[in-house]
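Read the structure below first, then the notes.
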Number of protein chains: 2
Amino acid sequence: MYKFPGDVSNNNAPISETLLNKLRRDILTGGFKPGQKLTEQDLCHRYQVSRTPVREALRQLETDGIVENILNRGAFVIGMSDRDYEDMFELRKIYEIQAVKWAIERITDEEMDKLEETFEFMEFYTLRNDIEKMLTINTGFHQVIYEASHNRTLQTLLSSYQNLVKYKGADSMYDDDYLQNVLKEHRAIFKAFVDKDVKAGAQAMEIHMNRTKERRCGTV
Amino acid sequence: MYKFPGDVSNNNAPISETLLNKLRRDILTGGFKPGQKLTEQDLCHRYQVSRTPVREALRQLETDGIVENILNRGAFVIGMSDRDYEDMFELRKIYEIQAVKWAIERITDEEMDKLEETFEFMEFYTLRNDIEKMLTINTGFHQVIYEASHNRTLQTLLSSYQNLVKYKGADSMYDDDYLQNVLKEHRAIFKAFVDKDVKAGAQAMEIHMNRTKERRCGTV
DNA sequence: ATTTGTATCTTCGTATACAATTATACAAGT
DNA sequence: ACTTGTATAATTGTATACGAAGATACAAAT
C-alpha cells in the first residue's frame, strides 16, 4: 500500500489510540476544563467504551503532561496555559533545529527522495490553495526530517509535541500570505538538505519555528 | 514530613508505579532482551499482579520508548543501543542547558535555598565518600533546577531522561576522583546561580553533561 | 519438497465483577 | 455555628471472564 508523505497513520498503534486521540483533542480544544476531574465512568459513557481502555488512555495522557493521575483519587485535567504553549514552542524549536542538523548529516538517499517528494506536494497544495492538505503535508515534512535524524528519542518526542500544539491557534493563524510564507520557509529548509549545509538548515528551521510560534501564539 | 532534597519519591504516583519502575529497571538492566516479546501472562506471574496493571505499565513504557505495542500482537522490548544512549545524552544535554538558563532567570528565593542546601549535602557526602548517597543527591540537585525552570514540560522530560539513563554505565564510572570531579562540576553550576550568570551556568552545565556522558558512555 | 487450507491453541482487547479507598451526608458533641 | 465521628455512597485499583485476532501445527494438494 502506497502511503503519501503526509500520511502519518500508524497501523501498529494500539486499538485505543482512537480513544486517546479523541480524549486529547477534547481536552486541548477545551471540552474539559483545567483542574476538572475526569471520572472514568463518565468517560466510559461519553466514548462508549469500558474502563480498561479509558484507564490506558489516561495513563498515556499523563505522560503527555495534560492529565494528572492521583492515587485513589483519579485523573484531573492539567490545562495548557499560554506560557505553557510558549515554553513548549521554545522547547520544540530547540529539538527541531537539532533534528535538522542530524538529519542533514545522516539522511539516506531514499529519505532524501521522500523529502523531495513531500516538498513537491507542498508546492502543489500551495498552488491549489488547499490549507487543509497543507497542514497534513506540513506535518509529514517534519516527520521525514525526524526519521532522517535516525534518533528514535527525538522522533518520538517531536511527534508528541506536534500532537500537543496542533490545535493551538489553528483557527486564527491564516492571513492571505500564509501558504506562501510556509512554503518559503520550508523551501529554505529543503535547500539546506540539497546543499548538505547544516548551518543553513539550522538557521532556516529556527526562522520557521519562530514564525510558527508567532502565527500560533501571537508572540515573538 | 520533611523531604531531603535528594528524595524524588512521588506520593501521588499511581499504585502501579512500583510495577512500572520494576519493569523498566528489568528491561534496562538486561533482564529482557531487545526484540523479546513481553507476554502479559508471563509478566503477571513474574510480578504477581493481574493483567490490568501490567497493560498500564506497558503503555507507559511505550511512551518511554523502550517498549513497542503492536496491535493484537503484543509488547516487544526495544533495546537501547550505545548509539541510542549517546544520542539521549546529547538530547539531555541540550535541555539541561536550557533548564539552567531558565532556572537562573526564574528561580525563587525559596528554590535558591533548596539548591544551596542540596549543594551542601553534596559537599557533605563527598567528604564522607558516600557514593550511594551522592548519586541520590545528584539527581536531587538537577531536580531542583528543573523545578526552578518553571517549565512543566521540561521538568517532566528531564526526569524521564534520568529514569532512562540511570542504569547506563552505573557500575563502571567511578575512578578515584569521581566524587571530587562531580562536586567540582556542580560547584561551578551552583556558583552561576549565586552570580545569576546565565552564560556561566550554561557553560558549567555543558561541561558537566559532557563529563557525565564520558563517564557513562566512555565516549566524548 | 513446497505450499495452502484448516483446525486448534495462544494471546490480546475489552467488558465486567469485586475489593479497597476516598468522598459525602448527616448526626452528635462542643 | 462549627467541628468531629460515623455510616453510606461513589470511585478507584485490581482481578477475572469472554470474544476476537493472530500464531501454530499439520494434513492435503500441487
Side-chain angles (χ1 to χ4, degrees), chain A residues 1 9-27 31-79 163, chain B residues 1 9-27 31-79 163:
Chain A
M1 167 193 162
S9 64
N10 178 3
N11 293 322
N12 291 334
I15 222 154
S16 65
E17 207 202 7
T18 306
L19 172 63
L20 173 65
N21 285 334
K22 282 185 199 167
L23 233 183
R24 181 168 36 217
R25 186 189 59 239
D26 289 347
I27 290 173
F32 301 99
K33 299 303 172 194
Q36 180 176 345
K37 171 90 181 290
L38 294 173
T39 306
E40 293 174 6
Q41 286 291 356
D42 291 350
L43 299 178
C44 291
H45 286 119
R46 175 186 280 252
Y47 299 106
Q48 290 296 302
V49 290
S50 76
R51 285 179 59 209
T52 309
V54 164
R55 287 177 60 85
E56 290 175 10
L58 289 174
R59 279 289 153 75
Q60 293 181 277
L61 290 175
E62 179 173 36
T63 317
D64 279 350
I66 58 175
V67 157
E68 181 183 14
N69 280 306
I70 301 182
L71 182 59
N72 285 321
R73 289 196 47 213
F76 298 82
V77 176
I78 297 180
N163 276 328
Chain B
M1 166 192 164
S9 65
N10 178 1
N11 294 321
N12 291 335
I15 221 154
S16 65
E17 205 199 10
T18 306
L19 173 63
L20 174 65
N21 284 334
K22 282 185 199 168
L23 233 182
R24 180 168 36 216
R25 187 190 59 240
D26 290 347
I27 290 173
F32 301 101
K33 300 301 171 195
Q36 181 176 345
K37 171 88 183 289
L38 294 174
T39 307
E40 292 174 8
Q41 286 291 355
D42 292 349
L43 298 178
C44 291
H45 287 118
R46 173 185 281 253
Y47 299 106
Q48 290 296 302
V49 291
S50 76
R51 286 179 59 213
T52 309
V54 165
R55 287 177 59 84
E56 290 175 10
L58 288 174
R59 279 288 152 74
Q60 293 180 277
L61 290 174
E62 181 174 36
T63 318
D64 279 351
I66 60 176
V67 157
E68 181 183 14
N69 280 306
I70 301 181
L71 182 59
N72 284 324
R73 288 196 47 214
F76 298 82
V77 176
I78 297 179
N163 276 329

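All of these numbers come straight from a predicted model, not from anything done at the bench. Values below: every heavy atom of this structure, side chains too, minus hydrogens, waters and symmetry copies.
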Value in whole Å for how far the [atom2] atom of [N] lies from [atom1] of [X]:
{"X": "B:Arg59", "N": "C:dC12", "atom1": "CZ", "atom2": "C1'", "result": "11 Å"}
{"X": "B:Glu56", "N": "D:dT14", "atom1": "CD", "atom2": "P", "result": "7 Å"}
{"X": "B:Asn69", "N": "C:dT11", "atom1": "CG", "atom2": "C1'", "result": "13 Å"}
{"X": "B:Ile70", "N": "D:dA21", "atom1": "CD1", "atom2": "C1'", "result": "14 Å"}
{"X": "B:Glu68", "N": "C:dC12", "atom1": "CD", "atom2": "C1'", "result": "16 Å"}

Look up atom [atom1] in [X] and atom [atom2] in [Y], then write down how far apart they are to the nearest 0.5 Å.
{"X": "A:Arg59", "Y": "B:Leu20", "atom1": "CZ", "atom2": "CG", "result": "8.5 Å"}
{"X": "B:Leu23", "Y": "B:Leu58", "atom1": "CG", "atom2": "CG", "result": "6.0 Å"}
{"X": "B:Arg46", "Y": "B:Thr39", "atom1": "CZ", "atom2": "OG1", "result": "11.5 Å"}

Quiz item: For DNA chain D, which residues in residues 37-51 of chain B have a heavy atom at a distance below 4.0 Å?
Solution: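 Under 4.0 Å from DNA chain D: B:Val49, B:Ser50, B:Arg51.
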Just to verify, what does [X] make a side chain to side chain contact (heavy atoms under 4.5 Å, CB included) with, not counting sequence neighbours?
{"X": "A:Asn163", "value": "A:Arg24, A:Lys166"}
{"X": "B:Thr52", "value": "B:Ser50, B:Glu56"}
{"X": "A:Ile78", "value": "A:Glu68, B:Arg152"}

Look for any protein N or O under 3.5 Å of an N or O in nucleotides 20-24 of chain C and output each such pair with its distance, or none.
unit_1	atom_1	unit_2	atom_2	d
C:dT21	O3'	A:Asn72	ND2	3.1
C:dA23	OP1	A:Arg73	NE	2.6

Exercise. Could you tell me whether the side chain of A:Phe32 reaches within less than 4.5 Å of the side chain of A:Leu38, counting heavy atoms only?
Key: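 Answer yes - side chains close enough.
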Quiz item: Between A:Ala75 and A:Thr52, which is nearer to the 5' end of DNA chain D once each is assigned its nearest nucleotide?
Solution: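 With A:Thr52 and A:Ala75 compared, the 5'-side residue is A:Ala75.
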Quiz item: Excluding sequence neighbours, so at least two apart, what forms side-chain hydrogen bond (donor to acceptor under 3.5 Å, both in side chains) with A:Asp26?
Solution: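 A:Asp26 satisfies side-chain hydrogen bond (donor to acceptor under 3.5 Å, both in side chains) with A:Tyr47 only.
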